[in-house]
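Let me begin by presenting the structure, written as C-alpha cells, before commenting on it.
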Amino acid sequence: MTTETLKIKRLKGEIVRVCRRLDFLGFVPATDGNVSARSGRGWLLITPSMLPKGSLSTRQILEVDLEGRVLSGQGRPSSEIKMHLEVYRHRPEVGAVIHAHPPAATAFAACRLPLDIPILPEAVVMLGPVPLAKYATPSTEEVPRSIAHLLRKYNAILLANHGVLTYGKTLPEALERMERTEHLARVILIARLLGGAKSLKRAQRAALEKLFS
C-alpha cells in the first residue's frame, strides 16, 4: 500500500467517524446531511447519497473530481455536492465541509434568523457570526449561488428552511464549528425565554480577539 493510498484510507475513516459523531448528536436524522474532504490527490472524498450517515463504512465513501464526477466507489455522491464544490472554489484553504440539520440551529434557519449575536466568548473567537443565506431549493444550482457571497467572510452559514453549513481546514475543525453553531443556537433560544441575552460590548470582543489571536 502506497503512502498516498494509506492517507486516503485514513481520511475515509475520519469521514466515517465524523458522520457517526453527527449521528450521535442527532444532527443527521434518517439519511440527512453530507460530509466531504479534500483528498491527497487534489480531488474530494464525499459521503454517498440517500444512506444513513451513522452506519456508513469506509468502502462507501466516494472519490470525485472537482466537477463532481465519481472516480472511485459505488453509488452517487451526495445530492448537495454542488454546495460543497462552491465552498472549495471560494476557500482554497478549506479542507473539509459539513452540511447537517442540528435541531436548534435549523429552527433558526427555518425562522430565517441569523445567529449573529456576540454573547459567548468561545463563539466570538472560534466561530464568529453565523449569517443566513436566502432560501434555495435543495440539491439545485440555487444553493451554491445563495452562499457564494458569504463564503469568504464566514465559517458557518444557516441555510434558510434547510440546515447548517460549516467548513474548516480539517474535518475536526469543520465538526467543531458545527457543534458550536448548534450550542450557540440553543443558548440564544434559552436566553430569549429568560428575557434576552446581553451582547458583549465592542471593547470586550476586541479584548477576546487580542487574547486568542
Side-chain angles (χ1 to χ4, degrees), residues 1-28 31-102 122 125-128 139 143-144 147-148 150-157 159 163-182 212:
M1 185 178 293
T2 66
T3 301
E4 186 177 85
T5 302
L6 185 59
K7 286 181 179 179
I8 295 295
K9 183 178 180 180
R10 287 174 177 170
L11 189 55
K12 286 183 177 182
E14 195 172 355
I15 289 174
V16 167
R17 287 191 293 275
V18 166
C19 286
R20 289 176 182 171
R21 174 67 176 170
L22 292 168
D23 180 63
F24 172 78
L25 292 170
F27 290 4
V28 285
T31 61
D32 292 0
N34 28 81
V35 178
S36 71
R38 290 190 194 268
S39 77
R41 293 189 275 250
W43 299 321
L44 303 179
L45 298 175
I46 191 165
T47 51
S49 179
M50 298 305 292
L51 290 177
K53 303 305 170 292
S55 58
L56 286 178
S57 70
T58 55
R59 295 189 303 276
Q60 293 171 303
I61 304 302
L62 306 175
E63 188 166 20
V64 300
D65 66 16
L66 297 183
E67 297 299 322
R69 294 182 289 256
V70 176
L71 301 172
S72 67
Q74 299 295 317
R76 293 183 295 112
S78 166
S79 60
E80 295 293 1
I81 191 171
K82 300 180 185 72
M83 178 169 62
H84 289 247
L85 291 170
E86 190 74 7
V87 177
Y88 293 118
R89 277 193 287 266
H90 284 266
R91 295 284 293 269
E93 82 284 7
V94 162
V97 177
I98 298 175
H99 167 53
H101 300 163
E122 297 82 5
V125 173
M126 306 299 290
L127 181 66
S139 307
V143 179
I147 63 173
L150 300 170
L151 290 170
R152 293 192 184 277
K153 188 175 180 181
Y154 302 100
N155 295 312
I157 298 172
L159 308 170
V164 181
L165 176 70
T166 62
Y167 32 93
K169 292 181 180 179
T170 63
L171 279 161
E173 185 172 61
L175 176 61
E176 177 188 304
R177 286 171 174 168
M178 183 64 70
E179 292 190 33
R180 288 193 185 281
T181 299
E182 175 66 0
F212 289 95

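Between Ile98 and Leu165, every side-chain heavy-atom pair lies at or beyond the 4.5 Å cut-off. The shortest side-chain heavy-atom distance between Val28 and Leu22 falls under the 4.5 Å cut-off. The shortest distance between side-chain heavy atoms of Ile46 and Val35 does not fall below 4.5 Å. Between Leu175 and Thr170 the shortest side-chain heavy-atom distance does not fall below 4.5 Å. Side-chain contact check for Thr2 versus Lys7: every heavy-atom pair is 4.5 Å or farther apart.
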Item to complete: Would you check, one step at a time, whether the test side-chain contact (heavy atoms from CB on, under 4.5 Å) holds for Val164 with Glu182?
Response: CA-CA 9 Å; Val164 181; Glu182 175 66 0; over 6 Å; no
Practice prompt. Quick one: do Arg41 and Glu63 satisfy salt bridge (charged side-chain N to carboxylate O under 4.0 Å, His left out)? Show the steps, please.
Written response: CA-CA 10 Å; Arg41 293 189 275 250; Glu63 188 166 20; 2.6 Å; yes
Discussion item. side-chain contact (heavy atoms from CB on, under 4.5 Å) for Leu11 and Glu14? Distances and angles first, verdict last.
Written reply: CA-CA 5 Å; Leu11 189 55; Glu14 195 172 355; 3.9 Å; yes
Discussion item. One pair to check against side-chain contact (heavy atoms from CB on, under 4.5 Å): Met178 and His99. What are the steps and the verdict?
Written reply: CA-CA 8 Å; Met178 183 64 70; His99 167 53; 5.8 Å; no
Worksheet entry | Thr166/Val97 under side-chain contact (heavy atoms from CB on, under 4.5 Å): CA gap, chis, key distance, verdict | CA-CA 6 Å; Thr166 62; Val97 177; over 6 Å; no
Worksheet entry | Verdict with reasoning, Arg177 to Glu173, per salt bridge (charged side-chain N to carboxylate O under 4.0 Å, His left out) | CA-CA 6 Å; Arg177 286 171 174 168; Glu173 185 172 61; 3.5 Å; yes
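Closest heavy-atom contact between Tyr167 and Leu150: OH-O, 4.3 Å. Of all the heavy atoms in Ser49 and Pro77, the pair that sits closest is CB-O, 3.5 Å. Nearest heavy-atom pair, Ala96 versus Ala174, reported as atom, atom and distance to 0.1 Å: O-CB, 4.0 Å. Between Arg91 and Arg38 the shortest heavy-atom distance is O-NH2, 3.4 Å. The heavy-atom pair separating Val64 from Val70 by the smallest distance is CG1-CA, 4.0 Å. In terms of heavy atoms, Ser39 sits closest to Leu45 at CB-CG, 4.1 Å.
Between the OH atom of Tyr88 and the CH2 atom of Trp43 there is a distance of 15.5 Å, given to the nearest 0.5 Å. Taken to the nearest 0.5 Å, the CE atom of Met50 stands 9.0 Å off from the CG atom of Asp32. Here the OG-CG distance, from Ser78 to Leu62, works out to 10.0 Å after rounding to the nearest 0.5 Å. The distance from the CZ atom of Arg89 to the CG atom of Leu151 is 10.0 Å, given to the nearest 0.5 Å. Atom CD of residue Glu122 and atom CG of residue Leu127 lie 11.0 Å apart, to the nearest 0.5 angstrom. Atoms NZ and CG, on Lys12 and Leu56 in that order, are 12.0 Å from each other to the nearest 0.5 Å.
With a 6.0 Å radius and a threshold of 12 heavy atoms from other residues, nucleotides or ligands, Gln74 has its CD atom at or below the threshold. No more than 12 heavy atoms of other residues, nucleotides or ligands shown are found within 6.0 angstrom of CZ on Arg76. Arg10 CZ: 12 or fewer foreign heavy atoms inside a 6.0 Å radius.
The existence of a salt bridge linking Glu176 and Arg180 is confirmed by a sub-4.0 Å separation between a basic side-chain nitrogen and an acidic carboxylate oxygen.
No donor-acceptor pair under 3.5 Å is formed between the side chain of Lys53 and the backbone N or O of Asn34. Between the Arg152 side chain and the His90 main chain, a donor and an acceptor come within less than 3.5 Å of each other.
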